[in-house]
There are 2 protein chains.
Amino acid sequence: MAQSDTVDRILDAAEELFADRGFSETSLRMITSKAKVNLAAVNYHFGSKNALIQSVFARFLTPFSQTLESAFDDLEARCGDTPPTLEQTLWALTESAVRMPQRNEKGISIFMRLLGLAYTQSQGHLRKFLEAEYSQPFGRFMTLLKNATPQLTAVERYWRIQFMLGATAFTMSSSDALRDILQNKLGVETTVQEIAGHLVPFLAAGMQAGGSTPSAITKPSVA
Amino acid sequence: MAQSDTVDRILDAAEELFADRGFSETSLRMITSKAKVNLAAVNYHFGSKNALIQSVFARFLTPFSQTLESAFDDLEARCGDTPPTLEQTLWALTESAVRMPQRNEKGISIFMRLLGLAYTQSQGHLRKFLEAEYSQPFGRFMTLLKNATPQLTAVERYWRIQFMLGATAFTMSSSDALRDILQNKLGVETTVQEIAGHLVPFLAAGMQAGGSTPSAITKPSVA
DNA sequence: TCAGGTCTCAAACGTATGTTTCAAACAGAT
DNA sequence: ATCTGTTTGAAACATACGTTTGAGACCTGA
């Protein structure tokens with residue numbers, strides 16, 4: 001073999017196992033046996049398990065962030081002086097995710113699930129790595145959101161962005177299971193694209209919700 | 001001591017460590033040393049680590065589900081024949097969570113974080129346990145949601161409920177960190193109650209969002 | 001052909017985990 | 001006070017983990 005494909009085999013196996021089971025619950029031995037590769041190859045090629053985790057993210061996040069940047073470029077060019085709307089911004093993000101070239105039919109699900117895991121299982125090292133490598137498109141997305149919702153106070157916008165991230169990360173991270181449930185309960189087949197089609201209007205409506213707290217919440221009674 | 005408090009000490013320590021670090025990342029030795037209890041006590045009192053995890057959930061979920069049931073009873077009594085509105089239903093849930101008697105000032109955060117972990121880290125055994133033990137209040141909540149949003153199709157409602165769960169679980173599971181960030185960035189102090197005050201209108205608006213997909217999403221170009 | 005670097009392999013290392021063991025300490029009832 | 005079942009204690013168990021080792025295979029360029 002001209003150049004070893006061991007690296008890619010390890011990345012493929014790790015990506016799928018991580019997405020299925022999480023990071024701590026996936027051992028190097030599971031990965032190497034699925035990849036049909038020697039155990040030592042991981043530490044030889046990547047140095048450590050943590051570095052492997054970061055490499056798995058880098059492999060799809062780097063092209064994705066480039067796709068995203070150019071989608072934002074297009075959007076801003078199309079809008080001229082007026083800032084893009086909230087829906088436009090959300091759709092730019094969504095389409096960038098969906099359009100990513102996939103290695104296989106499960107690609108987009110794995111992609112989403114890994115993103116969700118990155119948020120919820122963040123191992124410290126992963127969070128630092130992602131912040132260091134991909135803070136720019138993230139910050140740009142935040143700026144677009146800010147300009148698309150000038151009516152919100154900073155505090156309100158902050159929380160609503162967290163809610164959006166939560167709804168997205170959570171749903172996508174278990175999109176496979178949720179799709180199966182829907183298939184069994186209502187007999188409906190669903191694509192990731194269709195999930196996004198439901199999600200974006202939900203997020204946009206929540207983000208632009210009117211006046212807050214219709215009934216003031218009562219303080220908890222101190223026992 | 002009349003009856004050993006070892007069990008409670010273990011539960012307290014486990015609850016806090018699980019909330020901080022997740023399940024797989026928390027060892028029995030961490031728990032027993034934090035609880036100042038012998039290692040073997042866990043297996044003696046609970047049988048296994050998995051059973052301990054379930055006990056941690058049972059300790060706060062059982063009283064919570066009772067509180068929730070009576071909150072739903074009150075709500076339905078107050079509404080008479082007309083079904084409760086979406087906001088009313090969401091507030092009933094939120095207030096039940098906030099009103100739960102807390103063991104300490106971090107109680108509500110830990111409560112929320114554990115719920116989030118239950119969803120994202122679900123170990124199989126935990127999911128089965130929760131479904132077996134607490135399906136009734138959950139199903140009742142779903143019915144209330146259904147009656148409060150008759151305009152939605154079943155599929156649309158299904159996805160929007162997932163989005164609500166995601167936004168809630170995710171936000172609450174990292175509410176401590178998010179509150180710290182807000183404190184540092186904007187100098188704003190926040191209580192969990194206030195987070196709920198932001199969250200409920202967001203959820204209600206998203207749930208009742210109007211017509212879907214303002215711009216049809218394009219199919220991914222097959223490379 | 002051969003030397004040198006790249007890569008693979010089986011095996012072992014040290015550490016950490018969940019669990020078990022069994023003797024000692026304890027409690028409450030007789 | 002003594003017995004009995006319950007709870008604790010220190011230690012060990014078996015297993016799994018991430019990582020390291022050193023010898024061998026392989027390819028490449030001279």
Side-chain angles (χ1 to χ4, degrees), chain A residues 1-59 117-118 121-129, chain B residues 1-59 117-118 121-129:
Chain A
M1 52 197 84
Q3 177 149 344
S4 159
D5 64 342
T6 302
V7 168
D8 289 313
R9 301 245 300 283
I10 292 174
L11 284 174
D12 287 340
E15 182 178 83
E16 200 165 333
L17 285 170
F18 286 154
D20 276 355
R21 322 172 31 93
F23 304 116
S24 303
E25 294 80 2
T26 301
S27 71
L28 292 184
R29 283 167 176 83
M30 291 179 200
I31 295 170
T32 54
S33 81
K34 182 184 178 81
K36 293 188 174 52
V37 149
N38 188 270
L39 171 61
V42 171
N43 284 279
Y44 175 78
H45 286 289
F46 297 94
S48 69
K49 183 181 180 181
N50 280 354
L52 169 62
I53 294 175
Q54 294 174 11
S55 297
V56 167
F57 276 84
R59 184 169 65 152
L117 287 180
Q121 292 212 352
S122 205
Q123 317 259 120
H125 74 95
L126 222 196
R127 180 156 303 201
K128 279 176 198 157
F129 170 76
Chain B
M1 50 196 83
Q3 176 149 344
S4 159
D5 63 342
T6 301
V7 168
D8 289 312
R9 300 247 299 284
I10 292 174
L11 285 173
D12 288 339
E15 181 178 84
E16 200 165 333
L17 285 169
F18 285 154
D20 276 356
R21 320 170 33 92
F23 304 116
S24 303
E25 295 80 2
T26 301
S27 71
L28 293 184
R29 284 167 176 82
M30 292 178 199
I31 295 170
T32 54
S33 79
K34 182 184 178 81
K36 293 189 174 55
V37 149
N38 188 271
L39 171 62
V42 170
N43 283 280
Y44 175 77
H45 286 288
F46 297 93
S48 69
K49 184 183 179 181
N50 280 354
L52 169 62
I53 294 175
Q54 293 174 11
S55 297
V56 166
F57 275 85
R59 183 168 66 150
L117 287 181
Q121 293 212 347
S122 207
Q123 317 260 120
H125 74 95
L126 223 195
R127 180 157 301 201
K128 280 176 198 156
F129 170 77

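Convention: sequence-line order gives letters A, B, ...; per-chain numbering from 1.
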Q: With the side chain of B/Leu28 defined as its heavy atoms from C-beta on, choose the nearest nucleotide among C/dT19, D/dT21, D/dT19.
A: C/dT19

Q.
Could you tell me how far apart B/Asp5 (CG) and C/dC26 (C1') are, to the nearest whole angstrom?
A. 14 Å

**Q.** Nearest-angstrom distance from the residue atom CZ of A/Arg29 to C1' of C/dA11
**A.** 11 Å

Q) Whole-Å distance between D/dA16 P and A/Leu39 CG? A) 14 Å

Q: Using whole Å, report how far CG of B/Asn43 lies from C1' of D/dA10.
A: 15 Å

Q. A/Phe46 has an atom CZ; how far is it from atom P of C/dC7, in whole Å?
A. 12 Å

Q: Any chance you could measure A/Leu52, atom CG, to A/Ser48, atom OG, to the nearest 0.5 Å?
A: 8.0 Å

Q: Please tell me which of the listed nucleotides, D/dT19, D/dG9, C/dT17, lies nearest to the side chain of B/Met30?
A: C/dT17

Q. Roughly, in whole Å, what's the span from CG in B/Asn38 to C1' in D/dG9?
A. 5 Å

Q) Is any side-chain nitrogen or oxygen of B/His45 closer than 4.0 Å to OP1 or OP2 of D/dT6? A) no

**Q.** Residue A/Ala40, side-chain atoms from C-beta onward, closest of C/dA10, C/dT21, D/dT19
**A.** C/dA10

Q. When rounded to the nearest 0.5 angstrom, what distance separates CZ in B/Arg21 from OG in A/Ser24?
A. 9.0 Å

**Q.** A/Lys34/A/Asp20 salt bridge by N-O under 4.0 Å criterion
**A.** no

(Q) Quick check on D/dT8: is either OP1 or OP2 less than 4.0 Å from any side-chain nitrogen or oxygen of B/Thr6? (A) yes

Q) How many Å lie between NZ on B/Lys49 and C1' on C/dT17, as a whole number? A) 8 Å

Q: Tell me what A/Thr26 touches on the nucleic acid: a base, only sugar-phosphate, or nothing, going by heavy atoms under 4.0 Å.
A: sugar-phosphate

Q) How long is the line joining OH of B/Tyr44 and P of D/dT8, in whole Å? A) 7 Å

Q.
How long is the straight-line distance from CG of B/Asn50 back to NE2 of B/His125, given to the nearest 0.5 Å?
A. 3.5 Å

Q. Think A/Ser27 has a side-chain N or O under 4.0 angstrom from the OP1 or OP2 of D/dA16?
A. no

Q: Check whether any side-chain heavy atom of B/Asp8 sits under 4.5 Å from a side-chain heavy atom of B/Arg59, and report yes or no.
A: yes

